[in-house]
A.B. asks: 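One structure follows; several queries about it will come next.
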Amino acid sequence: MTRWDAETAVVGLGAWGASALWRLASRGVDVIGFERFAPGHALGSSHGHARVLRLACPQHPGLVPLAQRSRELWSEMEDTGQERLLVVCGALTVGTENGPLAGGALRAARAHGVRVRTFSASALRFQYPRHTGVPHRHIGVYEPSAALIRPERAVRTAVALAEEAGARVLADCRVTRVEPVPGGVRLYTAQRPVRVRQVVLTAGAWLTGFLPELPLETVRRPLAWFRPYEPDSGFGPEEFPAFARELEDGRVLWGNGAEGGDGVELGLDDAGVAAKPVDPEDTDRSVTSQDWSEPARILPVRLPGLRPRPTRVALSTRTRTPDGRFLLGRPGGDARLVVAGGENGYGFALAPAIGEALADVVRGDAPATGLGFLSPDRFR
Ligand SMILES: Cc1cc2nc3c(=O)[nH]c(=O)nc-3n(C[C@H](O)[C@H](O)[C@H](O)COP(=O)(O)OP(=O)(O)OC[C@H]3O[C@@H](n4cnc5c(N)ncnc54)[C@H](O)[C@@H]3O)c2cc1C
């Protein structure tokens, strides 16, 4: 008879895997987590200064229940782990009323009763004067309860809570192969193979190393910090909340108010060469001027109070699917395998609820929210 080393393994302890580990262990599942680096590292997607938590998720109204549940679980994590993880700062979304960004946020808010305030372009210019060049046909959607999350601290807290609840964690331990065997899965590492009944793959950009058929693409995601010309000039988080702003050419400029000496954190999605596909195994995170020159170029007309030369530039990766929605579920209905990944810029905030949904799938419980729209089989 096969002896199993654990009921379930989680491979990859970024935001999603760490949360899955926590939610599985807290339900009494015998679970073991593998992380190829140290939890809270800076080589995946779950690191940096801050991640924004919005309830009115523009990407899909079906995500709002996940965001709402996550909000509760983030607070629980803060209380139990006794670490400050959330800073309420509000968030602004700007774009056309029927478009994907501001329009999406508005539709999500209306569908789920999330409290938001809307602004016409002229009201926006008055309320948030640091944003210039907003076209007349754009609106602003402000969500006062949106918060910033401290990502590395949050990942480490989730892992610590999972361990307290009984999970075993193998850090600096890369899983090199996942082999389905009758009734379970064998995982290979530099040490002896580990046999489990089910595996949850939350390996972020590295997922395709296990499941090459998944239609995932990893791209570089540069971030740059720009200091204001004048100190105290309205770029602090109170006057200049976290924002995502659609530009006329469809790209999205996003950022967070200045919290430290580095200035305002800014990113520009789909910014030409900076967003070129990369091999996730190439962990070179060096940056070039191409990574920040495009956001810097548009600053004088969009956020003219900021100096166009960044004080700091950092690189991370993001992984995307063809339809922009991430994957969560059992590929091909395999009872030994659960996968979650391919998220594009809003998944950190949802991590605790995703961890809970993964625990539901592992245990065969019905998830609290309908997640069929995230099925990994939709591209087959
Ligand atoms: C610059 C940037 C800004 C963002 N802003 C926001 C935001 O404001 N709000 C928001 O909600 N979301 C945001 N996101 C998205 C969010 O950060 C991601 O959706 C989330 O971090 C994804 O987490 P993950 O656990 O899937 O991936 P990762 O964090 O990459 O975790 C995958 C883990 O798997 C491990 N791993 C891989 N292969 C193996 C292996 N073979 N063996 C063992 N371990 C392995 C990796 O080391 C890694 O730790 C942003 C992302 C980026 C990059």
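Order of listing sets the numbers, starting from 1, for every ligand and every atom in it.
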A.B. asks: Are the side chains of V31 and V362 in touch, meaning some heavy atoms are under 4.5 Å apart?
C.D. replies: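 SC-SC contact between V31 and V362 ruled out.
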A.B. asks: Between H41 and W206, what is the ring plane arrangement, given parallel below 30°, perpendicular above 60°, and tilted in between?
C.D. replies: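 The arrangement is perpendicular - the two ring planes meet at more than 60°.
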A.B. asks: Taking the six-membered ring for Trp and the single ring otherwise, decide whether the centroids of Y128 and F243 are under 6.0 Å apart.
C.D. replies: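 So the answer is no for these two rings.
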A.B. asks: Are any of the N/O atoms in R318 less than 3.5 Å from those in ligand 1?
C.D. replies: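 Not met; the criterion fails.
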A.B. asks: Show the atoms of ligand 1 that are less than 4.0 angstrom away from any heavy atom in R174.
C.D. replies: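 Listed by number with element, the hits are 41 (N), 42 (N).
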A.B. asks: Give yes if a backbone or side-chain nitrogen or oxygen of A349 is under 3.5 Å from a nitrogen or oxygen of ligand 1, and no if not.
C.D. replies: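 Yes; at least one N/O pair falls below 3.5 Å.
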A.B. asks: Would you call A15 a ligand 1 contact, heavy-atom distance under 4.0 Å?
C.D. replies: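 The answer is yes, since A15 has a heavy atom less than 4.0 Å from ligand 1.
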A.B. asks: Short list, please: which atoms of ligand 1 are under 4.0 Å from a heavy atom of C173?
C.D. replies: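 Reading through ligand 1 atom by atom, the close ones are 43 (C).
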A.B. asks: Other residues, nucleotides and ligands only: do more than 12 of their heavy atoms fall within 6.0 Å of CZ on R153?
C.D. replies: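 Yes - once you tally the heavy atoms of other residues, nucleotides and ligands closer than 6.0 Å, there are more than 12.
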A.B. asks: I need the atoms of ligand 1 closer than 4.0 Å to a non-hydrogen atom of G347, numbered in the order shown.
C.D. replies: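 By the 4.0 Å cutoff, the relevant atoms are 10 (C), 11 (O), 12 (N), 15 (C), 19 (O).
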A.B. asks: State which residue, out of E294, E246, R245, fulfils the side chain to side chain contact (heavy atoms under 4.5 Å, CB included) condition with R251.
C.D. replies: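 The passing option is E294.
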A.B. asks: Under 4.0 angstrom from ligand 1, any heavy atom of T317?
C.D. replies: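 Judged by the 4.0 Å heavy-atom criterion, T317 does count as contacting ligand 1.
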A.B. asks: Among all the protein's non-hydrogen atoms, which is closest to atom 3 (C) of ligand 1, and how far away is it?
C.D. replies: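 The protein heavy atom lying closest is R221 NH1, 3.0 Å.
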A.B. asks: Any idea how Y346 and F326 line up, ring-wise: parallel (<30°), tilted (30 to 60°), or perpendicular (>60°)?
C.D. replies: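 Correct class here is tilted.
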A.B. asks: Who's the nearest protein heavy-atom neighbour of atom 25 (O) of ligand 1, and how far?
C.D. replies: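 That would be W16 N, 3.0 Å.
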A.B. asks: Could you tell me, atom by atom, which parts of ligand 1 come under 4.0 Å of a heavy atom of T202?
C.D. replies: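 Close to T202: 32 (C), 33 (C), 34 (O).
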A.B. asks: Under a 4.0 Å heavy-atom limit, does W206 contact ligand 1 with its side chain, its backbone, both, or neither?
C.D. replies: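 Near ligand 1, W206 shows its side chain, while the N, CA, C and O stay back.
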A.B. asks: Take L201 and V338 through the side chain to side chain contact (heavy atoms under 4.5 Å, CB included) test and state the conclusion after the steps.
C.D. replies: CA-CA 6 Å; L201 293 174; V338 186; over 6 Å; no
A.B. asks: When you check the gap from the basic side-chain N to the acidic O, do R51 and E343 get nearer than 4.0 Å?
C.D. replies: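 No, no charged N to carboxylate O under 4.0 Å.
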A.B. asks: Assess, by modelled atom type and distance only, whether the side chains of H112 and Q68 contain a donor and an acceptor separated by less than 3.5 Å.
C.D. replies: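 Q68 and H112 do not have a side-chain donor-acceptor pair below 3.5 Å.
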A.B. asks: Starting from atom 44 (N) of ligand 1, which protein heavy atom do you reach first, and at what distance in Å?
C.D. replies: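 The closest heavy atom on the protein side is R36 N, 3.1 Å.
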A.B. asks: Counting each atom of ligand 1 from 1 as listed, which ones have a heavy atom of E343 under 4.0 Å away?
C.D. replies: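 Taking each heavy atom of E343 in turn, ligand 1 has 15 (C), 16 (C), 18 (C), 19 (O) under 4.0 Å.
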A.B. asks: Could you tell me, atom by atom, which parts of ligand 1 come under 4.0 Å of a heavy atom of G204?
C.D. replies: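 Those of ligand 1 that fall under 4.0 Å from G204 are 27 (O), 32 (C).
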A.B. asks: Quick one: do D269 and R221 make a salt bridge, cutoff under 4.0 Å?
C.D. replies: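 Looking at R221 together with D269, the answer is yes, because their closest N to O distance falls below 4.0 Å.
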A.B. asks: Could you tell me whether G345 and ligand 1 have an N or O pair separated by under 3.5 Å?
C.D. replies: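 Between G345 and ligand 1, an N or O pair is found under 3.5 Å apart.
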A.B. asks: For ligand 1, which atoms sit closer than 4.0 Å to a heavy atom of W254?
C.D. replies: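 Result: 1 (C), 3 (C).
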A.B. asks: Test of understanding: given a 4.0 Å heavy-atom threshold, classify the contact between H47 and ligand 1 as side chain, backbone, both, or neither.
C.D. replies: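 No part of H47 is near ligand 1 at this cut-off.
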A.B. asks: At a 4.0 Å threshold, what atoms of ligand 1 neighbour a non-hydrogen atom of G44?
C.D. replies: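 Reading through ligand 1 atom by atom, the close ones are 30 (O).
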A.B. asks: Is the shortest distance from a Lys or Arg side-chain nitrogen in R27 or D365 to a carboxylate oxygen in the other one below 4.0 Å?
C.D. replies: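 Yes, charged N to carboxylate O under 4.0 Å.
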